[in-house]
Student: 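Structure incoming, see below.
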There are 2 protein chains.
Amino acid sequence: MAEGSGGSGHRGEDLLFLTDEQLRKGIEAMFFAYRGFTADPDRILEKHGYGRAHHRAIHFINRSPGTTVNNLLDILGVTKQSLNRVLRTLIEDGLVESRIGIRDKRERNLYLTESGRTFEEELSRAQRTRMRVAYRAAGAEAVAGFRKVLEAMMDAEMRRHFNNLKDSAP
Amino acid sequence: MAEGSGGSGHRGEDLLFLTDEQLRKGIEAMFFAYRGFTADPDRILEKHGYGRAHHRAIHFINRSPGTTVNNLLDILGVTKQSLNRVLRTLIEDGLVESRIGIRDKRERNLYLTESGRTFEEELSRAQRTRMRVAYRAAGAEAVAGFRKVLEAMMDAEMRRHFNNLKDSAP
DNA sequence: ATTTTATGTCAGTCTTGTTGACTTTCCAAG
DNA sequence: CTTGGAAAGTCAACAAGACTGACATAAAAT
C-alpha cells in the first residue's frame, strides 16, 4: 500500500489497473519460473563439471558462430576476466575453437567444435523441452503475451541484442 | 516474421506448432528479461553492501511474517548454511528479527523490523515499477499469458510454494 | 611514431553456494 | 524416566564465479 499505482485507476482504455499485490505475484512468478527454467541444464552441466556461465557462452557461440570475445562480453554482461576463465576451459576441453580474425587479427572468432555442438544440443534439448511443455500447457495466445511482457521487461540495450539474434538461424 | 505464435499455423485447436527456433527465442527472452528484472534491485542492494540472496530472504520474510528458517530454505532452495550467513548479517544489521518459537523452541520465527520493512519497500518499489511499465506496455491480455506460461514453467514443488503465497496479503 | 583497441593474464577480493561437524531441543520407544 | 534419534539451527572451511586493477601483446588507426 501507499504506493504508486494502487489507487490510480484506469482512465482511457488500455491503462491496466494493477495492484501491488498483482505486481508482487508477477515478481514471484519470475523468480520461481526462472528456477525451473535453469534446473534441467544445471543438472546436465553439473555432471560435466561446468556451471551456468559455460552454458551461456556455449549458447551464444552456437547462436552466432564466429562471434568475437567482445561481442560476447556485451551480450553476457560480465567482465572479460570472468568470461576468459570460462572460455579457456571450454577451449582446453575441445568444445570451443578460437580462430584468429582474418580482417582484424586482434579479434578471435569463436566456434563450437563437433563435440561442442553435441553438448549444446544436449543442454538445449532439455531446456527446449521444458519450454515446449509450458507453451503447450499455456496455449498460443499466452505464448504471445509471455514474449511481449518479457521483451518489455528488458533493458534497451539487451532488447537490441535480443532483436539482433532474431531469425539468424544457427 | 516467423515469430511467436503468429505465423506458424496451428492445426487442430490447442496443439501448438513450435519450431526449435521459436523455442530458442523464448529461452533467450527469459535470459535477457531476467537480467532486466534484477537490475534495479541489484543497484540498490549494492549501495547497501548486500546481494541478491539478501533480497530474496527479505522478500519472502516480508511476504510471510513469522516464517521459519526451514520454510524459507524450502522456498529458496539453498542450504541452511548458506541462508544462515545471509540471515545473520540481516539480523546483525537490524533488518530482521529472529524470535524463538513458542510451541517448538528449536524453530526461529522471522520478521522484518521497521527498517527492514523500509528497505523492502525501496527494493520492491523499484522492481514493481519495472513490472508495471512492462505490463502496461504489453497490455492486459499479454499479462495473463505471461503469468500462465511462467506458472507452467515452474517445477511442481515451486508451483506449490507459489500458490501458497497467493492472496496472502503481506 | 604514437595512440587506441582487442584480447589475454596474474593477483586479490567478495558473494554465495557447498559439505562436515556440532549444539540445542523435541519426541517417542523402551 | 531415560535414552536415542530426529529436527532446527549455528560455526568453520572450502569452491565457483563474479569483480577490480594492473599489465602484456599484437594489430589497427591516427
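Here is how names work: the chains are called A, B, and so on, in the same order as the sequence lines, proteins then strands, and each is numbered from 1.
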Student: Compare every heavy atom of A/R35 with every heavy atom of B/I75, then report the nearest pair and how far apart it is.
Tutor: O-NH1, 3.2 Å

Student: Between the protein and nucleotides 27-30 of chain D, which nitrogen or oxygen pairs are less than 3.5 angstrom apart?
Tutor:
from   : atom 1 : to     : atom 2 : distance (Å)
D/dA28 : OP1    : A/R103 : O      : 3.2
D/dA28 : OP1    : A/K105 : N      : 3.2

Student: Kindly write out the residues that satisfy side chain to side chain contact (heavy atoms under 4.5 Å, CB included) with A/T113, not counting sequence neighbours, or none if the list is empty.
Tutor: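 Result, side chain to side chain contact (heavy atoms under 4.5 Å, CB included) vs A/T113: A/E97, A/S115.
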
Student: Under the 6.0 Å and 45° cation-pi test, does B/R99 pair with B/Y111?
Tutor: yes

Student: Test of understanding: with side chain to side chain contact (heavy atoms under 4.5 Å, CB included), list the residues that count as partners of B/R43, not counting sequence neighbours.
Tutor: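 By the side chain to side chain contact (heavy atoms under 4.5 Å, CB included) rule, B/R43 matches B/A39, B/D40, B/R130.
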
Student: Is the Lys NZ or Arg CZ of A/K148 less than 6.0 Å from the centre of B/Y135's six-membered ring, within 45° of the axis?
Tutor: no

Student: Answer yes or no: is there a donor N or O on one side and an acceptor on the other, between the side chain of B/D104 and the main chain of B/R106, under 3.5 Å?
Tutor: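 Flag set: sc B/D104 to bb B/R106 pair under 3.5 Å.
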
Student: Taking the inter-plane angle between the rings of B/F146 and A/F146 on a 0 to 90° scale, is it parallel (under 30°), tilted (30 to 60°) or perpendicular (over 60°)?
Tutor: parallel

Student: With distance as the sole test, does A/Q22 use its side chain to make a donor-acceptor pair with the main-chain N or O of A/T19 at under 3.5 Å?
Tutor: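 Yes.
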
Student: Identify the 5'-most and 3'-most nucleotides of DNA chain C with at least one atom closer than 4.0 Å to a non-hydrogen atom of chain A.
Tutor: C/dT5 to C/dC10

Student: So, does B/R108 use its side chain to make a donor-acceptor pair with the main chain of B/S98 at under 3.5 Å?
Tutor: no

Student: Using a 4.0 Å cut-off on heavy atoms, which residues in residues 77-99 of chain B reach DNA chain C? List them by number, or say none.
Tutor: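 Close to the strand are B/V78, B/T79, B/Q81, B/S82, B/R85.
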
Student: Looking at A/N62 and A/I58, would you say the former's side chain and the latter's main chain have a donor-acceptor pair under 3.5 Å?
Tutor: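 No, the answer is negative, given that no donor and acceptor are paired below the 3.5 Å cut-off.
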
Student: Using a 4.0 Å cut-off on heavy atoms, which residues in residues 35-55 of chain A reach DNA chain C? List them by number, or say none.
Tutor: none

Student: Test B/H55 against B/E120 for side chain to side chain donor-acceptor pair (under 3.5 Å), laying out the working first.
Tutor: CA-CA 8 Å; B/H55 185 189; B/E120 197 283 332; 5.9 Å; no

Student: Just how far, in rounded Å, is P of D/dT25 from CD1 of A/I100?
Tutor: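 That distance rounds to 16 Å.
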
Student: Within the 4.5 Å heavy-atom criterion, are B/F32 and A/R159 side-chain neighbours or not?
Tutor: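 Answer no - side chains too far apart.
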
